[in-house]
Amino acid sequence: MSHEEFPTDRPAVVTCGLPYANGDLHIGHLRTYVGGDVYARALRTLGQETAFVSGSDMHGTPVAVNAEAAGVSPESFALDWHETYEETFPKFRVDFDNYGHTHDETNVELTTDVVRALAENGHVYEKEIMVAYDPAEKQSLPDRYVEGTCPYCGDRARGDECDEGCGRHLEPGEIEEPRSTITGNPAEYREQTHKFFRVSAFQEYLGAFIDRLEGTANAQNQPREWIEGDLRDWCITRDMDWGIDYPEGEKPRSSEPEAGEGADDLVLYVWVDAPIEYVSSTKQYTERVGADVFDWDEAWREDGEIVHVIGRDIIQHHTVFWPAMLHGVDYEEPRAVMASGFITLNGQGFSTSRNRAVWADEYLDEGFDPDLLRYYLATNGGFQQDVDFSWERFRERVNNELVGTVGNFAYRALLFAHREFGGTPDPEAGVSEEVHDRIEAAIGEFGAAVNDYSVRKVGDAAVSLAAFGNEYIQRHEPWNLIDDDPDRAAQVIRDCVQVAKAIAVLFAPVAPGTCERLWSQVGGEGSPHDVEIEAALEPPTADLDEPTELYEKIPEERVEALNAKLEERIEAAENGDTGDDGNGNDTDAADLDPIVDDRIDFDTFESLDIRVGEIVTADGIEGADKLARLTVDLGVEKRQIVAGIKQLHNLEALPGTRVIVLANLERAELFDVESNGMVLAAGEEADLLTTLDDAVPGERVR
RNA sequence: AGCGGGAUGGGAUAGCCAGGAGAUUCCGCCGGGCUCAUAACCCGGAGAUCGGUGGUUCAAAUCCACUUCCCGCUACCA
């Protein structure tokens with residue numbers, strides 16, 4: 001940890017995790033982008049030369065799959081989203097110096113160069129592996145697009161892990177009875193040669209790197225598990241069409257001769273070209289403004305200060321895989337990784353597919369100033385903390401802190417100055433020592449916040465300065481002094497205008513729009529983003545126009561209306577999950593598995609002995625997270641059945657509930673508890689099946 | 001299961017890395033003041049043995065050990 005404090009005389013690059021070109025943005029995403037934007041602006045205010053870049057992540061299987069479903073090419077599908085993002089960010093005043101995408105020429109070239117260099121440096125090798133393949137669709141099934149049965153515990157397993165059963169890591173080819181999660185088709189295994197990045201060789205380097213890494217605690221600590229444990233080499237190629245080609249004259253060929261349709265082309269795994277977009281985007285910035293303004297080559301290959309702002313779900317990529325890649329081609333390593341927490345709604349995560357979210361567009365359509373949301377997202381809780389979003393809290397913070405503290409102070413001070421003095425009284429006379437010291441203290445807090453990677457503290461520095469301003473003006477009561485002691489009144493008002501000017505500078509990273517207005521109200525030229533932090537103490541202009549109010553209060557009725565909308569949505573989303581009343585079917589059709597093609601004959605159906613049962617007792621199984629032990633009355637006998645519903649249902653309320661039971665399922669033992677049958681339930685939330693009328697326990701279902 | 005993050009007055013949040021007077025800020029509650037300002041602002045008050053237990057120390061919210069409970073991650077959801 002021997003990094004020099006910001007500002008340094010090196011070029012800094014602040015990046016934001018690439019949004020995946022596959023869906024709308026919601027305020028959870030925005031938290032990361034606003035955080036990055038605030039941080040980049042704050043660095044600049046400190047005088048740090050900074051480039052703020054990002055781009056859209058265009059590749060990967062989900063894009064390819066969804067594009068096909070939409071009947072368009074992956075490129076135009078992804079480009080559509082890319083354009084949406086490109087338009088959306090500026091609406092929130094998230095102003096990237098460059099916003100590219102991973103499929104543009106710069107990135108394709110640079111990625112090719114980097115991978116080639118990695119290979120030349122001996123960090124890449126070939127290996128034959130088994131990959132799942134869907135013969136009906138003539139499509140490879142990488143990663144999570146295959147599911148089947150775990151060979152160890154017999155439970156359902158997805159991708160390379162038995163995620164529901166024993167949790168064991170599975171090598172490619174190990175999953176039994178593989179099926180495509182896209183089509184449900186049975187899959188088969190084929191042998192293929194793939195490229196691997198020798199991450200394991202970087203273990204020692206990464207161990208030292210993680211000790212140097214700054215940023216949020218989660219980003220510094222979580223990767224230790226991987227780095228200090230067994231580092232697996234990464235398979236960096238995928239057998240599909242959409243992506244950046246693996247850069248070699250002779251590409252590894254699929255061993256399947258009749259694969260056809262170009263399926264033998266290997267492309268790079270998205271996580272290879274995605275982070276390289278950070279570099280490419282910086283390069284495009286340099287190409288646009290010239291290396292004398294910002295030199296991408298110096299920043300990335302000599303002595304840049306690289307700060308990655310990401311969601312905490314991609315910490316591994318940015319602290320293990322990516323630094324290893326950079327080191328493998330002699331690029332600069334990241335100085336810091338800031339990993340944001342997630343935002344929840346009523347305590348539950350956002351779910352894009354279920355429309356359980358507050359969308360970016362939706363917020364704008366409500367007519368709110370983006371600065372309000374920026375302030376909320378930047379200062380509500382620590383950056384790495386998960387926070388719950390509520391309109392009520394939004395209103396509270398806006399009304400009390402933005403309107404009451406910041407806006408009110410600026411308005412009352414400037415209005416008074418304008419009315420009584422036509423602006424700043426005798427600006428060159430200077431501010432009082434107390435105010436000078438207080439502003440310096442705020443500047444100090446601001447700098448400390450940046451070095452602490454805390455966007456919340458950046459915002460707090462300005463807001464607490466405004467609180468001081470309110471207290472100061474109140475303490476000196478210039479409205480009483482104005483007649484008796486006009487000189488004293490002038491001093492107080494001069495002080496207050498100075499504080500307002502300092503707020504315009506210090507608060508600009510968080511609230512860029514309103515601070516531009518405040519800046520011009522105190523007579524500033526241009527924008528507060530173009531000045532450095534010292535401007536906070538430079539005397540304001542003498543002549544000031546009548547100020548306008550910076551923020552508007554949000555009335556309570558507004559919150560009620562917003563909540564009503566949100567509640568409605570959440571309710572619909574939850575009903576979509578549990579189907580309690582059978583009409584809340586809001587689940588996105590694209591989310592559902594298609595009907596399995598394989599038909600069974602009637603005899604096969606007849607062999608299932610499905611019965612009506614009634615739950616007699618329900619208890620959680622000690623030591624198991626999800627399992628509950630049920631006693632179910634099947635009329636002819638009572639059965640003990642284990643079901644994975646512990647967290648999803650209130651067990652105490654279950655006795656008396658009628659359920660549908662598959663009675664002739666083979667016995668199984670889960671957590672040392674015998675399960676004799678299976679209680680049927682629908683969906684991820686285990687919505688229990690029951691009967692509409694009063695069928696008697698023991699009756700057969702047919 | 002392993003790992004990461006968290007638990008602080010009624011609610012929400014800071015402080016913890018660099019231990020130190022009866023713990024921050026916002027909301028809510030009680031009382032007072034002021035009126036330049038957006039029914040705002042200012043002052044004062046009640047209210048927390050900082051999840052629990054044990055340890056280190058002259059001193060622990062802070063460091064250590066154990067423990068309980070939340071949230072999340074475990075390689076394509078920010």
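Just so we're on the same page: letters track the sequence lines, and every chain starts at 1.
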On a whole-Å scale, what distance lies between the [atom1] atoms belonging to [N] and [M]?
N: B:U57; M: B:G20; atom1: C1'; value: 11 Å
N: B:A78; M: B:C42; atom1: P; value: 41 Å
N: B:G11; M: B:A75; atom1: P; value: 37 Å
N: B:A12; M: B:U56; atom1: P; value: 35 Å
N: B:C70; M: B:U24; atom1: C1'; value: 24 Å
N: B:U53; M: B:U62; atom1: P; value: 12 Å
N: B:U13; M: B:C26; atom1: P; value: 16 Å
N: B:C50; M: B:G72; atom1: C1'; value: 24 Å

Problem set entry | Plane angle bin for A:Tyr278 and A:His318 - parallel if under 30°, tilted between 30 and 60°, otherwise perpendicular |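 Geometry flag for A:Tyr278 against A:His318: tilted rings.
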Exercise. Centre of A:Phe92's six-membered ring, under 6.0 Å away, within 45 degrees of the axis: is that where NZ or CZ of A:Arg374 sits?
Worked result: no
Problem set entry | Row check, A:Phe368 ring normal vs A:Arg558 NZ/CZ: under 6.0 Å, within 45° |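 Geometry flag: set, cation within 6.0 Å and 45°.
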Pairing nucleotide - [N], Watson-Crick or G-U, each distance under 3.5 Å:
N: B:C66; answer: B:G52
N: B:A61; answer: none
N: B:C41; answer: B:G33
N: B:G72; answer: B:C3
N: B:A12; answer: B:U25
N: B:A46; answer: none
N: B:A18; answer: none

For this session: Using atom types as modelled and distance alone, determine if a side-chain donor or acceptor of A:Thr102 lies under 3.5 Å from a backbone N or O of A:Met58.
Result: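 Side chain of A:Thr102 to backbone of A:Met58, a donor-acceptor pair under 3.5 Å: yes, one is there.
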Counting just side-chain N and O atoms, does [X] come under 4.0 Å of either OP1 or OP2 of [N]?
X: A:His317; N: B:C76; value: yes
X: A:Tyr411; N: B:A37; value: no
X: A:Lys553; N: B:A39; value: no
X: A:Arg312; N: B:G6; value: no

Specify the separation, in whole Å, of atom [atom1] of [X] and atom [atom2] of [N].
X: A:Ile236; N: B:C76; atom1: CD1; atom2: P; value: 14 Å
X: A:Ile554; N: B:U38; atom1: CD1; atom2: P; value: 18 Å
X: A:Phe383; N: B:A78; atom1: CZ; atom2: P; value: 14 Å
X: A:Tyr551; N: B:U38; atom1: OH; atom2: C1'; value: 14 Å
X: A:Glu396; N: B:A12; atom1: CD; atom2: P; value: 11 Å
X: A:His418; N: B:C36; atom1: NE2; atom2: C1'; value: 14 Å
X: A:Ile310; N: B:A75; atom1: CD1; atom2: P; value: 16 Å
X: A:Asn218; N: B:C16; atom1: CG; atom2: P; value: 17 Å

Mind checking [X] for me? I need base, sugar-phosphate or nothing, with any heavy atom below 4.0 Å counting as a touch.
X: A:Gly17; answer: nothing
X: A:Phe321; answer: nothing
X: A:Leu550; answer: base
X: A:Asn408; answer: base
X: A:Arg419; answer: sugar-phosphate

Measure from the side chain of [X], starting at C-beta and using heavy atoms only, and say which of [options] lies closest.
X: A:Trp234; options: B:G5, B:A75, B:A37; answer: B:A75
X: A:Val403; options: B:U38, B:A78, B:C36; answer: B:U38
X: A:Leu415; options: B:G15, B:U38, B:A37; answer: B:A37
X: A:Glu549; options: B:A14, B:G11, B:U38; answer: B:U38
X: A:Arg412; options: B:A37, B:G11, B:U38; answer: B:A37
X: A:His26; options: B:A78, B:C36, B:G4; answer: B:A78

Kindly compute the distance separating [atom1] ([X]) from [atom2] ([Y]), expressed to the nearest 0.5 Å.
X: A:Glu471; Y: A:Gln474; atom1: CD; atom2: CD; answer: 9.0 Å
X: A:Tyr363; Y: A:Tyr376; atom1: OH; atom2: OH; answer: 11.0 Å
X: A:Ile493; Y: A:His476; atom1: CD1; atom2: NE2; answer: 11.0 Å
X: A:Trp81; Y: A:Tyr20; atom1: CH2; atom2: OH; answer: 13.0 Å

So among [options], which one has a side-chain contact (heavy atoms from CB on, under 4.5 Å) with [X]?
X: A:Pro223; options: A:Val337, A:Leu213, A:Ile315; value: A:Ile315
X: A:Arg438; options: A:Val499, A:Asp495, A:Leu465; value: A:Leu465
X: A:Glu277; options: A:Asp57, A:Leu18, A:Thr111; value: A:Leu18

Exercise. Contacts to RNA chain B from residues 470-482 of chain A, heavy-atom cutoff under 4.0 Å, which residues?
Worked result: A:Asn470, A:Glu471, A:Gln474, A:Trp479
Problem set entry | Position toward the 5' end of RNA chain B (nearest nucleotide), A:Tyr33 or A:Glu401 |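 Of the two residues, A:Glu401 wins.
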